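All figures in this text were calculated on a predicted structure; none of them were measured in a lab.
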Amino acid sequence: MTLDPDTARRLRDGMARGVLSFPLTSFHDDGTLDPDGFRAHVAARIATAPGAVFPACGTGEFFSLDEDEYRQVVTITVEEAGGRVPVVAGIGYGWAQAVRFARIAEDAGADALLVLPHYLVAAPQDGLVAQLEQIAARTRLPLIAYQRGQVAFGLDAFRRIVRIPGVIGLKDGHSDLDRLQRLTLAAPEDFLFFNGAATAEIQARAYATVGVPAYSSAVHAFAPEIADAFFTALRDGDDGTVDKLLRDFYVPLVELRDRVPGYAVSLVKAAARLRGHPVGPVRAPLTDPTAADLADLRQLLTIGLDLVGAAL
């Protein structure tokens, strides 16, 4: 497959400029896809100039989309991005199904692919490497591997992964900084690393110390004012602002998120709805927040926006 050598450079430049945005997938109240709502939501995200945009990933409920819905989501994102920011589409499940999604993303004009952890089964290191080899051999788009859940690359496997043509980066969601430091030291100089921890801002400073300053921001999906203020403060070494945002907004958000499984997506969607974004409900098996949790979220969102001089 012929790869575009410009993609990694564009991603690297974007990572230095802003957060990585993971838009929500919009649904109607009956659970059907809302393309118009999604277009409005993703256009608003792109207008804030993120480093890159990642449609149909975890925050975008990739696991609940059929192939036609996936095609619409990626196509709309590419159209709205208009080449201004890289578009990295999520793919997943076993390699055969991941390749089906990869080909849809290719046709839609995506720049790269994020390989989400495979479905259900635990696998040995050889199998994790083979999964990426099988996908890379069948797509012209560069791949970013995502280690989280049952996927965790050991050093030997990682050394094999970086030699796979087309694999340009690794997103980490384990937050094992000892292991991650070993991987960054073993990587080629131009290999990309991303902090993909849940509510990544909480650990952004720690990740940066092992050479991984770029991070994904779920908060950007509903409050780019807060996400951008945190990114700027972290980049500029403004520890006072970083600490205040962590203490008064991000840590309470994580505590609220941890009340119910799946709130890492459900709360983000609820917060976007509170701000008038047409993203709709989550799809089962996720559930929308309770009335009590929604009230707490509204109060916390008001506090966070006030910290950066914005309003609900």
Side-chain angles (χ1 to χ4, degrees), residues 1 11 20-25 27 33 38 52-78 86-153 157-158 161 164 166-174 192 194-198 200 216 218 221 261-262 264-266 268 282-286:
M1 297 289 184
L11 280 168
L20 307 177
S21 181
F22 285 67
L24 300 155
T25 299
F27 300 120
L33 184 70
F38 178 72
V53 61
F54 289 66
C57 293
T59 305
E61 298 178 79
F62 167 79
F63 53 85
S64 76
L65 300 177
D66 66 28
E67 291 181 12
D68 181 64
E69 292 168 334
Y70 177 86
R71 183 186 305 276
Q72 293 182 68
V73 165
V74 178
T75 298
I76 289 169
T77 305
V78 171
V87 174
V88 183
I91 61 172
Y93 307 117
W95 67 259
Q97 186 64 36
V99 168
R100 291 176 65 92
F101 283 104
R103 289 174 178 161
I104 293 170
E106 285 183 17
D107 291 343
D111 298 293
L113 303 168
L114 178 66
V115 184
L116 302 170
H118 63 268
Y119 173 68
L120 188 62
V121 296
Q125 294 289 293
D126 285 348
L128 298 181
V129 175
Q131 165 90 337
L132 291 171
E133 289 175 335
Q134 294 287 352
I135 298 170
R138 291 167 171 81
T139 179
R140 61 176 177 78
L141 295 181
L143 305 179
I144 299 168
Y146 189 4
Q147 61 171 12
R148 186 170 181 168
Q150 71 270 39
V151 176
F153 300 113
F158 178 74
I161 287 168
I164 298 173
V167 177
I168 64 170
L170 174 71
K171 182 180 179 185
D172 175 76
H174 284 295
L192 304 176
F194 307 83
N195 167 4
S216 56
V265 176
S266 301
V268 174
V282 293
R283 273 183 174 173
L286 301 180

Looking only at the aromatic ring of each residue, does the gap between the centers of F62 and Y93 stay below 6.0 angstrom?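 Yes; F62 has its ring centre under 6.0 Å from that of Y93.
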With a 4.5 Å cut-off on side-chain heavy atoms, are [Y] and [X] touching?
{"X": "F54", "Y": "L20", "answer": "yes"}
{"X": "L143", "Y": "I135", "answer": "yes"}
{"X": "L170", "Y": "F158", "answer": "yes"}
{"X": "L11", "Y": "L192", "answer": "yes"}
{"X": "V74", "Y": "I104", "answer": "no"}
{"X": "T75", "Y": "Q72", "answer": "no"}
{"X": "L65", "Y": "T25", "answer": "yes"}
{"X": "V53", "Y": "P23", "answer": "yes"}

How close do [X] and [Y] get, heavy atom to heavy atom, and via which atoms?
{"X": "I91", "Y": "F101", "value": "CG2-CB, 3.8 Å"}
{"X": "L141", "Y": "A112", "value": "CB-CA, 4.3 Å"}
{"X": "A145", "Y": "F153", "value": "CB-CE1, 4.0 Å"}
{"X": "V78", "Y": "A110", "value": "CG2-N, 3.8 Å"}
{"X": "L114", "Y": "C57", "value": "CD2-SG, 3.8 Å"}
{"X": "V129", "Y": "I164", "value": "O-CD1, 4.0 Å"}

Backbone N or O of [Y] within a donor-acceptor pair of the [X] side chain at under 3.5 Å?
{"X": "Q97", "Y": "G94", "answer": "no"}
{"X": "Q131", "Y": "W95", "answer": "yes"}
{"X": "R283", "Y": "S64", "answer": "yes"}
{"X": "R100", "Y": "A96", "answer": "no"}
{"X": "N195", "Y": "A197", "answer": "yes"}
{"X": "D111", "Y": "P86", "answer": "no"}
{"X": "Y70", "Y": "G90", "answer": "yes"}

Rounded to the nearest 0.5 Å, how far does [atom2] of [Y] lie from [atom1] of [X]?
{"X": "D172", "Y": "R148", "atom1": "CG", "atom2": "CZ", "answer": "9.5 Å"}
{"X": "S216", "Y": "F22", "atom1": "OG", "atom2": "CZ", "answer": "4.5 Å"}
{"X": "I76", "Y": "L33", "atom1": "CD1", "atom2": "CG", "answer": "7.0 Å"}
{"X": "L113", "Y": "T139", "atom1": "CG", "atom2": "OG1", "answer": "5.0 Å"}

Under 3.5 Å, which donor-acceptor pairs do the side chains of residues 117-128 form with other protein atoms, sequence neighbours left out?
unit_1	atom_1	unit_2	atom_2	d
H118	NE2	V121	O	2.6
Q125	OE1	G154	N	2.6
Q125	NE2	A152	O	2.8
D126	OD1	R160	NH1	2.8

Quick one: does NZ or CZ of K171 land under 6.0 Å from the six-membered ring centre of F194, within 45 degrees of the ring axis?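 Relative to the ring axis of F194, which defines the angle, K171 lies outside at least one limit.
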